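Every chain is numbered from 1, with letters handed out A, B, ... down the list of sequences. This one's a predicted model, so the numbers in the text were calculated from it and none came from an experiment.
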Number of protein chains: 2
Amino acid sequence: MNATDTRERILGRMFQDIHKNGFQGLRADRVIADMGITKGALYHYFPSKDAIGLAVIAEIIEPSYLAFFRSLEQAKGHPIDLLKDHLQELADKASPDDIYLGCPLNNLVQEMSPLNEDFRQRLKVVMDGMIHYSTRALERGVAQGQVKADTDCAAVASFMVAGMEGAYGVAKVQKSLSSFHRNIQQLLNYLELFRM
Amino acid sequence: MNATDTRERILGRMFQDIHKNGFQGLRADRVIADMGITKGALYHYFPSKDAIGLAVIAEIIEPSYLAFFRSLEQAKGHPIDLLKDHLQELADKASPDDIYLGCPLNNLVQEMSPLNEDFRQRLKVVMDGMIHYSTRALERGVAQGQVKADTDCAAVASFMVAGMEGAYGVAKVQKSLSSFHRNIQQLLNYLELFRM
DNA sequence: TTGCGCATACCAACTAGTATGTATACATTT
DNA sequence: AAATGTATACATACTAGTTGGTATGCGCAA
């Protein structure tokens, strides 16, 4: 068990606890106790609780969310299909627990944006990234005659992300996977409007 | 200053603090200290912190959100116009602070749904109500030839609420009123699709 | 033998909640 | 009408448990 492993194991567990309890609800000492290690290890790797949260965003949430959207830059295929396929995949892969706990990104956004500017800015980078790469994909679609010429690509991309997060939120209160599917389906219908 | 006043003043302040800090972030004693009263008063009216949160939902959040949607039952006019007007009004009336702090309903949903079943159910009643009354309004529109006959009214109503909450969320990280306006505008465009 | 990776032991501040006291209004009895 | 009881609406003081964080020590590999 080398050092990097321990740090990443801690981060992974912290992510899970934050996912369920929120950052304010995170009890770092309880998490590490569950892992069978002690505060010595925790504070060896992270100077403070805030640092844990920021590291979770930077090292777990951001990569996992932006991977797909960055990949749009090199992706071939109709941008509307690429975006729809991604949303469809999110819906297909979502477990009841994913729905019950909600979108980790959205959760942190709602909780931490007004409380901590460092958090907000890091989270904003992630969401802006999602919107940015989607916008560019749609714009390429316009240039290639795949997307309607009068499309406000930035507005559509932004609303797609908003609709996604909204779908997570509604499904979360309702504790309903099928609610999530229905709302994602409506979002797919919306995206289809902009196909050439 | 009679008793009812004090109770309602406490609730109002608690609502504000929850709106900013979340329920877990609420420090009830700090709030009442700011009000110039003491724990005696607080625990005279509320048996526990949870009771404060549930009272805020039942007595402040639920009425304010459901007022409009209930009114749809008696409203005359095109249902799509009624819904669009409401969304437009939300956008027009939103202050920068409303955006920065986010939608109180959505905030609590994201934070509390997985943590407290009592909270989740009370919040679900509110969101279900919003969707329910919107669905019925659209269905009456179908019956009266104002809304396209093949419209899945429940799906549209649900997605409208999801889009609304999503718009709040995205605008919250971005700290941008214009982002909110853009996303609401997209939602209005979406609703327009179902006009007969 | 020095520094890394952790464990142990501790602490100050906070936090929800309680136990108890008290002033005032209002009803009841005398 | 005066005296007495009683419920309401708080205030004060306290506590047990928690929480984030620190100080220190110690084994082990390079």
Side-chain angles (χ1 to χ4, degrees), chain A residues 1-59 107-108 111-112 114-119 122, chain B residues 1-59 107-108 111-112 114-119 122:
Chain A
M1 189 73 62
N2 69 36
T4 324
D5 276 354
T6 302
R7 205 189 107 99
E8 281 171 18
R9 279 180 54 235
I10 292 175
L11 265 190
R13 293 281 209 128
M14 293 295 171
F15 168 73
Q16 289 174 23
D17 207 67
I18 291 173
H19 191 193
K20 173 160 188 191
N21 299 307
F23 179 73
Q24 296 184 91
L26 166 67
R27 299 299 168 229
D29 43 356
R30 201 172 48 70
V31 172
I32 56 170
D34 287 351
M35 293 180 68
I37 61 175
T38 61
K39 287 196 162 189
L42 178 63
Y43 282 92
H44 177 69
Y45 291 108
F46 305 97
S48 69
K49 189 184 175 184
D50 278 8
I52 297 171
L54 293 171
V56 163
I57 296 172
E59 297 173 40
N107 290 356
L108 278 177
E111 178 186 6
M112 296 304 296
L115 296 182
N116 185 309
E117 187 63 14
D118 287 341
F119 276 67
R122 274 238 147 259
Chain B
M1 188 73 64
N2 69 35
T4 323
D5 276 354
T6 303
R7 205 191 106 98
E8 282 171 18
R9 278 181 55 235
I10 292 175
L11 264 191
R13 293 283 208 125
M14 293 295 169
F15 168 74
Q16 289 175 23
D17 207 67
I18 291 172
H19 191 194
K20 173 159 189 192
N21 299 306
F23 180 72
Q24 296 185 88
L26 167 66
R27 300 296 169 234
D29 44 356
R30 200 172 48 71
V31 172
I32 56 170
D34 287 352
M35 293 179 69
I37 61 175
T38 60
K39 287 198 162 188
L42 178 63
Y43 282 92
H44 177 70
Y45 292 107
F46 305 97
S48 66
K49 189 184 174 185
D50 279 8
I52 298 170
L54 292 171
V56 163
I57 296 173
E59 297 174 39
N107 290 356
L108 277 177
E111 179 186 5
M112 296 305 293
L115 296 183
N116 186 310
E117 186 63 12
D118 287 342
F119 276 66
R122 274 238 148 259

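- Here the P atom of nucleotide D:dT12 and the CG atom of B:L42 are 15 Å apart, to the nearest Å.
- Put simply, OH on B:Y45 is 10 Å from P on D:dA11, counting in whole angstrom units.
- Remark: C1' of D:dA9 and CZ of B:F46 are 14 Å apart, rounded to the nearest angstrom.
- Between the P atom of D:dT19 and the CG atom of A:D17 lies a distance of 11 Å, rounded to the nearest Å.
- Every residue two or more places apart in sequence or in another chain that forms a side chain to side chain donor-acceptor pair (under 3.5 Å) with A:N116 is listed here: A:D50.
- In this structure, CZ of B:R9 is placed 14 Å from P of D:dA9, rounded to the nearest angstrom.
- For the side chain to side chain donor-acceptor pair (under 3.5 Å) test, residues two or more places apart in sequence or in another chain that qualify with A:E59 are A:R7.
- In this structure, CD1 of B:I37 is placed 21 Å from P of C:dT22, rounded to the nearest angstrom.
- Residue pairs meeting the ring-ring contact (aromatic ring centres under 6.0 Å, His included) criterion with at least one member in residues 18-39 of chain A, sequence neighbours excluded, are A:F15-A:H19, A:F23-A:F119.
- Atom CG in A:N107 sits 10.5 Å away from atom CD1 in A:I18 (nearest 0.5 Å).
- As a whole-Å value, the separation of B:R7 CZ from D:dC10 C1' is 16 Å.
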What donor-acceptor contacts under 3.5 angstrom involve side-chain atoms of residues 27-41 of chain A, with partners at least two apart or in another chain?
unit_1	atom_1	unit_2	atom_2	d
A:R27	NH1	A:Q24	O	3.1
A:R30	NH2	A:D17	OD1	3.4

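- Expressed to the nearest 0.5 Å, how far CG of B:L115 lies from CG of B:L108 amounts to 11.0 Å.
- The side chain of B:A41 approaches D:dC10 more closely than any other nucleotide in the set C:dG17, D:dC10, C:dA7.
- The side chain of B:Y43 places no N or O atom within less than 4.0 Å of a non-bridging phosphate oxygen (OP1 or OP2) of D:dA9.
- The phosphate of D:dA9 has neither OP1 nor OP2 within less than 4.0 Å of any side-chain N or O from B:T6.
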Any N/O pairs under 3.5 Å between the protein and nucleotides 9-15 of chain C? List them or say none.
unit_1	atom_1	unit_2	atom_2	d
C:dT15	OP1	B:R27	NE	2.7

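- Partners of A:F46 according to the ring-ring contact (aromatic ring centres under 6.0 Å, His included) rule, which considers only residues two or more places apart in sequence or in another chain, do not exist here.
- Here B:H44 reaches the OP1 or OP2 of D:dA9: one of its side-chain N or O atoms lies under 4.0 Å away.
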